[in-house]
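Below you'll find the structure, written out as structure tokens, and then a few comments.
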Amino acid sequence: MTNRIDQRFAQLKAAGRTGLIPFITAGDPRPDATVPLLHALVAAGADLIEIGVPFSDPMADGPVIQHANERALKRGVGLGQVLGWAREFRRDDACTPLVLMGYLNPIEIYGYARFAADAVAAGVDGVLLVDCPLEEDDTAQAIRAAGLRQIHLAAPTTAPQRLDQLCRRAEGFLYYVSFAGITGALRLSTADIAQRVAAIRAASRAPIAVGFGVRDAGSAVAIAGYADAVVIGSALVERIAGSADAAEACARARAFLAPIRDALNARAAA
Amino acid sequence: MAARLDSPVTIDYHAWPDARGRFGTYGGSYVAETLMAPLAELTAAYLAAREDAAFQAEFERDLKHYVGRPSPIYHAERLSHDVGGAQILLKREDLNHTGAHKINNTVGQALMARRMGKRRIIAETGAGQHGVATATVCARMGMECVVYMGETDIARQSINVFRMKLLGATVVPVTSGSKTLKDALNEALRDWVTHVHDTYYIIGTVAGPHPYPMMVRDFNAVVGREARAQMLAEYGRLPDVLTACVGGGSNAIGLFHAFLNDRAVRIVGAEAAGEGIATGHHAASLAAGRPGVLHGNRTYVICDDDGQITETHSISAGLDYPGVGPEHAFLKDTGRAEYVGVTDDEAMAAFHRLARSEGILAALESAHAVAQAIKLASDLPRDALVLCNLSGRGDKDVQTIAAREGITL
């Protein structure tokens, strides 16, 4: 089944470009900003967008995204609304892939089959379930059956044998977590990551995106040396927090992302 | 594949969980990828320790000489007479070192940490009993101890916070979410994921990802093994009914486990119904929640229609948790155990009744079990036996009780 994620990575490869994947939490900094933000991110050079589905207990997230979750939940943002925003975005953008990232319980309560059908209808392309490791994959069977790509995580702690398993199962892309920790931490050892990503590349057919700890053009360019795509979450979420309205959030997002896009392009051209 | 679930009549309850940590459809390992390796390491280490006679002998020695086991079964004669029904027997876990059943598990897990060469211990705590029990074993082992505790719980359990500090632990206030036990658990998981190489996470209840529900149960199962033998030795028979309070469910599963295959023994868990289940201000995950995924396992959770975990309420901090151990979810669905709600008011009434009739100040958590024991006993004949787990002592709660009753100390 053709999927926008697969198409996008094929295009990137053909063009010799590194993908840029921004992450925002749906409904943050304000619900009416989410759809305009998605378009603004595309305009600033996003190749694929990850949308965080707010959850009350985001156990793998650092303070920045925890607070974004809390702000969104205070405004009553739920999975139904997030799917509605995806549908709205899709009316004006037929090609930028969307990946929903979140925790299982909201989907569990929504119902897996119902979620899968509604997500496909809304134009969502992939789902990253933070708390659903390989061992519990049967949980997400309905999501894969509907044609959505299930994005898996690999971590520095992932043992070699397990990594092989992950690589065999990888679809869409494999998300390599650059260090053992929570989102938004400040450490980033690019030498270690290079080695690990090279090992994954040898075993994986799927493209590799690297995230956790990428904050700016410098760290993005460093990662671009060996990854197919770079994910930027906390630093962007932090930048747009506190925006007075949707327009300000979009302006901040563009100002943040455009220089990173330029730096990645300059590296590709060099 | 999960093991096949037979009909309740033929289930061997001692055969669970399966190799994936599933109790029927509950349990499992729903955590981020980074934690899968340390969990696999812990599972392998625990399965080896479980078969290691030297490890088990050291655990039993510590339980005897440090914890003070076995704890007695006490016949609450005056209370039973006053109720006018069945005889109420109390398994006195409140007499353990540090005043609750929690020490059984922390002694076992501290031995695991040492066996695995980890020097830094982290824990989450709600009421503070597990935090104190963890700080206690860390002091004894000379290990660094960091306890995560919600800001709300720190305010209502200041005595236990001070006890932890006296024992050399660092208590880290958690200000995210509802600032209670669930958020402390999130924060401890975040710490663990960041320090997986040198840190051992002592989870205090039978929740969390595999192997915790199994391991914490095993370390607490001494309660039921002892009680079963004591019943046979002292009363010549098993009790008719068991009851215990259920928050995460560690003291309850500790008592229940040895009796699960004794089909004639009725098993009743008492959850915190708070201000009443109908008010929405409660913590009765099994009685009023629904299956979901929280803190690494599939179980019953209290959440809204968007799947957001909602704030719970109980007068007892130790029961104030929106999830419950997956084995209890399994026991509920198979019908082997029943789970009922006990309100704040009922627990308080039972607290006073036990204090005045038997001279025992029960922990507010355990007072829920006492209330349930009283209800059960009043419907049974005088020769029936109700065994209630008195999981902890109430000294830690005197300030909460005074405040609730408008008394200035």
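Residue numbers begin at 1 in each chain, while the letters A, B, ... track the order of the sequences. Values reported hereafter were calculated over all heavy atoms of this structure, with side chains retained and with hydrogens, waters and symmetry mates removed.
- Most heavy-atom pairs under 4.5 Å with chain B: of the set A:L166, A:N69, A:D61, A:I107, this distinction falls to A:D61.
- Here the CZ atom belonging to A:F55 is positioned 8.0 Å from the CG atom belonging to B:N186, to the nearest 0.5 angstrom.
- Counting non-hydrogen atoms of other residues, nucleotides and ligands closer than 6.0 Å to CD of B:E275 gives a total above 12.
- Considering only heavy-atom pairs separated by less than 4.5 Å from chain B, the leading option among A:L134, A:L104, A:L129 is A:L104.
- A:E135 touches chain B through backbone and side chain together, each having a heavy atom under 4.5 Å away.
- Panel note: side chain B:Q308, backbone A:S56; a donor-acceptor pair is recorded below 3.5 Å.
- Ranked by non-hydrogen atom pairs under 4.5 Å with chain B, the options A:G80, A:G62, A:P54 are led by A:P54.
- In this structure, the side chain of A:N105 engages the main chain of B:V293 through a donor-acceptor pair within 3.5 Å.
- Looking at A:E108 and B:R290, their side chains never come closer than 4.5 Å, going by heavy atoms from C-beta outward.
- Residues A:P133 and B:E33 share a closest heavy-atom pair of CB-OE1, 4.5 Å.
- For B:D191, no part sits under 4.5 Å from any heavy atom of chain A, backbone or side chain.
- Remark: B:D306 CG to A:L79 CG distance equals 7.5 Å, nearest 0.5 Å.
- Only the side chain of B:L294 comes within contact range of chain A, with at least one heavy atom under 4.5 Å from a heavy atom of that chain.
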> Given A:E136 and B:R298, is the salt bridge (Lys or Arg N to Asp or Glu O under 4.0 Å) satisfied, shown in steps?
Replying inline: CA-CA 10 Å; A:E136 308 295 352; B:R298 170 168 281 113; 5.9 Å; no
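- In this structure, CG in A:D138 is found 5.0 Å from CZ in B:R20, a value given to the nearest 0.5 Å.
- Listed options A:V177, A:V77, A:L73 were ranked by heavy-atom pairs under 4.5 angstrom with chain B; first place goes to A:L73.
- In this structure, B:D305 CG and A:Y110 OH are separated by 12.5 Å, a value rounded to the nearest 0.5 Å.
- Chosen from B:G28, B:P291, B:S29, B:C303, the residue pairing most often with chain A at heavy-atom distances under 4.5 Å is B:S29.
- Residues A:M59 and B:V31 come closest through the heavy atom pair CE-CA, 4.0 Å.
- Checking side-chain atoms of A:E70 against main-chain N and O of B:G177 turns up a donor-acceptor pair under 3.5 Å.
- Listed by sequence position, the residues of residues 198-210 of chain A in contact with chain B number zero, using a 4.5 angstrom heavy-atom cutoff.
- Put simply, of A:H67, A:Q81, A:R162, the one with the most heavy-atom pairs under 4.5 Å next to chain B is A:R162.
- With rounding to the nearest 0.5 Å, the separation of OG1 in A:T157 from CG in B:L39 is 10.0 Å.
- Neither the backbone nor the side chain of A:P63 comes within contact range of chain B; no heavy atoms are under 4.5 Å apart.
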